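Have a look at the structure below before the remarks.
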Amino acid sequence: DRTGLAQVLGDLETAIVETLWSLGAPTTVTDVQRAMSDTPRAYHTVTTVMVRLCEKGILQRRKRDGVWHYVPRLSREEFHRQVAHEVIAG
């Protein structure tokens, strides 16, 4: 059974978004990868998933000093509210 964010996102997507929320600041792929050291993933895999999360509108990214920095578009609470609203609305 999948619970929480895993009902809406894949397992790796969930881990990445949760990591970004916990870090609380614009973060690079490398920093996310390091913070997820309990579940090691290849750099390219994390990058691909983070780019896809941007395409889905869950993350946004900005280039700073030639490096992409990612942040969630919504806070954890806002995201849960939006998902609940979409479920209720059908």
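Atom set for the values below is all heavy atoms of this structure, side chains included, hydrogens, waters and symmetry mates excluded. Because the structure is predicted, anything quoted here is derived from the model rather than measured.
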More than 12 non-hydrogen atoms from neighbouring residues, nucleotides or ligands closer than 6.0 Å to CG on Asp38, yes or no? yes

When rounded to the nearest 0.5 Å, the distance separating CD of Gln82 from OG of Ser75 is 10.5 Å

How long is the span from the CE atom in Met36 to the CG atom in Leu20, to the nearest 0.5 Å? 9.5 Å

In chain order, what residues pass the salt bridge (charged side-chain N to carboxylate O under 4.0 Å, His left out) check against Arg34, with sequence neighbours excluded? Asp31

Is Tyr70 close to Val51 at the side-chain level, that is, under 4.5 Å between some pair of heavy atoms? yes

Looking only at heavy atoms, the pair that brings Arg73 and Gly57 closest together is CD-O, 2.8 Å

Is there a side-chain contact between Ile58 and Leu9 in this structure, where contact means two heavy atoms from C-beta onward sitting under 4.5 Å apart? yes

State whether the side chain of Gln33 and the backbone N or O of Arg41 hold a donor-acceptor pair below 3.5 Å, judged by distance alone. yes

Neighbour count above 12 (heavy atom, 6.0 Å) for Arg61 CZ: yes

Residues passing the salt bridge (charged side-chain N to carboxylate O under 4.0 Å, His left out) test with Arg76, sequence neighbours excluded, are Glu18

In the single-linkage hydrophobic clustering (I, L, V, M, F, W, Y; side-chain heavy atoms under 4.5 Å), do Val71 and Val46 co-cluster? no

Hey, could you give me the CH2/CG distance between Trp21 and Leu74, rounded to the nearest 0.5 Å? 8.0 Å

Gap between atom CD1 of Ile16 and atom CG of Asp11 - 0.5 Å precision: 11.0 Å

Report whether Tyr43 and Val17 are members of the same hydrophobic cluster (ILVMFWY, side-chain heavy atoms less than 4.5 Å apart, transitive linking). yes

Reported OG1-to-CG distance for the pair Thr27 and Leu59, which is rounded to 0.5 angstrom: 10.0 Å

